[in-house]
Amino acid sequence: MTTRFGQGPWAASGIQTVQPGVHRVPLPLPGDGLHAVNVYLLEDLADDGGIVMIDGGWAIPEARKALEEALGAIDRDPLDISHILVTHIHRDHYTHAVELRRSLGSRVYLGAGERPGLEMLDRLRSDQPVGSLRTLRAAGAGELADRIEAMDHGGYDPRVWEAPDRWLGAGTLRFGDRELRVVPTPGHTKGHVVFLDEQRGLLFSGDHVLPHITPSIGFELAEPGGRPLADYLNSLQLMTRYADARLLPAHGPVADSAHTRVAELLVHHDERLAGSLAALGEDTLDAHEVAHKLPWTRRAVPFGELSAFNQMLAVNETAAHLDVLVLRGRATVAFAGGVNQYTRVR
C-alpha cells in the first residue's frame with residue numbers, strides 16, 4: 001500500500017513517497033521500542049536504472065517481506081536494488097544490507113569509522129556492545145554491565161556482519177549525473193555518516209538527527225574512546241554549515257527542516273549538561289550515581305523504572321555529558337578503583 005505523509009503513524013507498513021523517485025519504507029523492529037527503521041529507495045539515482053537504498057534494516061524475515069511488498073507497490077523488484085548506503089553499524093541498519101547483498105548482489109557502503117567495531121565483532125564472534133559495557137564499568141555500573149553481558153543478544157551470525165564492499169570517508173558519491181555528499185557525523189557511533197542530496201535539498205540523517213527523540217550517544221561495539229558527546233555536538237553544528245534540507249531520518253516521520261531540529265537538539269543537550277552539573281551538586285559522584293538523579297525520556301521517567309538496556313544507554317549518556325563538562329572546565333574527573341569520579345568546579 002502506498003500512503004502519504006500525515007496519514008497514520010510513521011512506523012505503519014507501506015511505502016510513502018517523499019517526492020517523485022524518493023520513497024520512505026519503514027521496516028519492522030519487533031520487540032524494539034523504536035518500532036521500525038526507515039529505509040529510503042531512490043529510483044532515479046543509479047545510472048544503471050537500479051535503486052539506491054539508504055540503510056538496510058535488521059536481517060529478519062519481517063523486514064524482507066515488508067521491503068518486497070513496498071517495492072511491489074511501485075512496480076519494482078528487490079533485484080533492482082544495486083547499491084545500499086548504510087549510515088552506521090548498528091544491527092537495525094547494517095545486517096539486512098549484508099543479507100540483501102548475498103541474495104541480490106547489491107553493493108554495500110559503510111562509513112570508514114565503523115571499521116574497528118566490525119573487526120572487533122569478527123575477533124570476538126559476539127554482538128555484545130563491548131565498548132558500551134566497558135564505559136558502564138568505568139561509570140560505576142559494574143553490576144548493570146554484568147546483567148547486560150549475561151543477556152541473550154540474539155546470537156552472533158557472521159554472515160550478516162561481513163565487511164562492506166566500500167568504506168566511505170568524507171566526499172561525494174556520483175551516480176550518473178547525480179551526486180550524494182557523504183558527511184561523517186561521529187557521536188551516535190564513531191563512524192556514523194549522513195547522506196546529503198544538495199540538488200534536491202534532502203538529508204538522509206540516519207540516527208544522527210531524529211525528529212522526535214534524541215539518539216543515544218556512544219553506543220559502541222568497539223573499544224570506547226574519545227568524547228562521543230563532544231563529537232556529536234560538533235557533528236550537529238556541522239549540519240548548519242550546509243543549506244537547510246528536508247530531514248529524512250531513520251526513525252520517525254520526514255520533517256521540513258533539518259536545521260530546526262538541529263537547533264532543538266543543541267538546546268536539549270545544553271539543558272542536559274546543566275542538569276548533570278546540578279545533579280553533581282557539592283558531591284563527588286560517578287556517572288551511574290548522577291544518572292539516578294536525572295529524569296529520562298520525554299516523560300521524565302525515573303532511572304529505576306527504565307529497562308536494563310535503557311539504563312545502560314542512560315548511564316553511558318550521563319558519562320558523555322560529564323566528560324563534556326570536564327572539557328569545558330565545569331567539572332574535574334579522577335580515575336580511582338576503576339571508576340571515574342566527577343566533582344563540580346567551585
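Note that the structure is predicted; figures quoted are calculated from it, not measured.
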Is [X] salt-bridged to [Y], cutoff N-O under 4.0 Å?
X	Y	value
Lys190	Glu114	no
Arg147	Glu143	yes
Asp283	Arg344	no
Arg299	Glu305	no

Worked verdict on Trp167 versus Leu110 for side chain to side chain contact (heavy atoms under 4.5 Å, CB included): CA-CA 5 Å; Trp167 295 104; Leu110 183 66; 3.7 Å; yes
Is a side-chain donor or acceptor of [X] paired with a backbone partner of [Y] at a separation under 3.5 angstrom?
X	Y	result
Thr240	Leu236	no
Thr87	Val194	no
Asp55	Tyr94	no
His268	Leu266	no
Asp244	Ala258	yes
Asn234	Ala230	yes
His192	Asp207	yes
Thr95	Ala59	yes

Step-by-step salt bridge (Lys or Arg N to Asp or Glu O under 4.0 Å) determination, Glu119 to Arg115: CA-CA 6 Å; Glu119 291 176 346; Arg115 190 166 191 160; 3.2 Å; yes
Phe303 and His292 aromatic ring geometry - parallel, tilted or perpendicular at 30°/60° bounds: tilted
Are [X] and [Y] connected, step by step, through hydrophobic side chains (Ile, Leu, Val, Met, Phe, Trp, Tyr) whose heavy atoms are closer than 4.5 Å?
X	Y	value
Leu327	Leu325	no
Val345	Leu285	no
Val339	Leu136	no

Check [X] against [Y] and note the closest heavy-atom contact, atom names and distance.
X	Y	value
Leu229	His321	CD2-CD2, 3.3 Å
Pro184	Val193	CA-CG1, 3.9 Å
Val326	Thr332	CG2-C, 4.0 Å
Val182	Gly169	CG1-O, 3.5 Å
Met151	Ala308	CE-CB, 3.4 Å
Ser216	Leu313	CB-CD2, 4.0 Å

Between [Y] and [X], is there a side-chain heavy-atom distance shorter than 4.5 Å?
X	Y	value
Asn316	Ile217	no
Leu248	Ile54	no
Val25	Tyr40	no
Phe204	Val22	yes
His83	Asp165	no
Asp32	Asp92	no
Pro158	Arg125	yes
Leu100	Pro78	no

His269-Tyr232 aromatic ring centre distance below 6.0 Å: yes
Side chain to side chain contact (heavy atoms under 4.5 Å, CB included) between Trp161 and Leu118, intermediate numbers included: CA-CA 7 Å; Trp161 293 109; Leu118 200 58; 3.9 Å; yes
Euclidean distance, [Y] [atom2] relative to [X] [atom1], rounded to 0.5 Å:
X	Y	atom1	atom2	value
Ile84	Ser106	CD1	OG	4.0 Å
Leu306	Met312	CG	CE	12.0 Å
Ile74	Asp80	CD1	CG	8.5 Å
Arg107	Ser82	CZ	OG	10.0 Å
His23	Thr17	NE2	OG1	4.5 Å
Leu85	Leu168	CG	CG	7.0 Å

Test salt bridge (Lys or Arg N to Asp or Glu O under 4.0 Å) applied to Glu264 and Arg261, step by step: CA-CA 5 Å; Glu264 292 171 351; Arg261 183 54 180 158; 3.0 Å; yes
From CA spacing to verdict: side chain to side chain donor-acceptor pair (under 3.5 Å), Thr189, His88: CA-CA 7 Å; Thr189 66; His88 62 293; 5.5 Å; no
Derivation of the salt bridge (Lys or Arg N to Asp or Glu O under 4.0 Å) call for Arg159 and Glu99: CA-CA 7 Å; Arg159 296 173 300 172; Glu99 186 174 89; over 6 Å; no
Name of the residue among His212, His93, His208, His188 meeting ring-ring contact (aromatic ring centres under 6.0 Å, His included) with His251: His93
Audit row: Leu280, Leu322, side chain to side chain contact (heavy atoms under 4.5 Å, CB included) steps and yes/no: CA-CA 9 Å; Leu280 269 179; Leu322 292 171; 4.0 Å; yes
Given Glu198, Met239, Arg181, the one that forms side chain to side chain contact (heavy atoms under 4.5 Å, CB included) with Leu203: Met239
Test log, rule side chain to side chain contact (heavy atoms under 4.5 Å, CB included), inputs Ile15 and Leu41: CA-CA 9 Å; Ile15 184 167; Leu41 307 176; 4.2 Å; yes
cation_pi(Arg64, Trp58) dist<6.0 Å, angle<=45: no
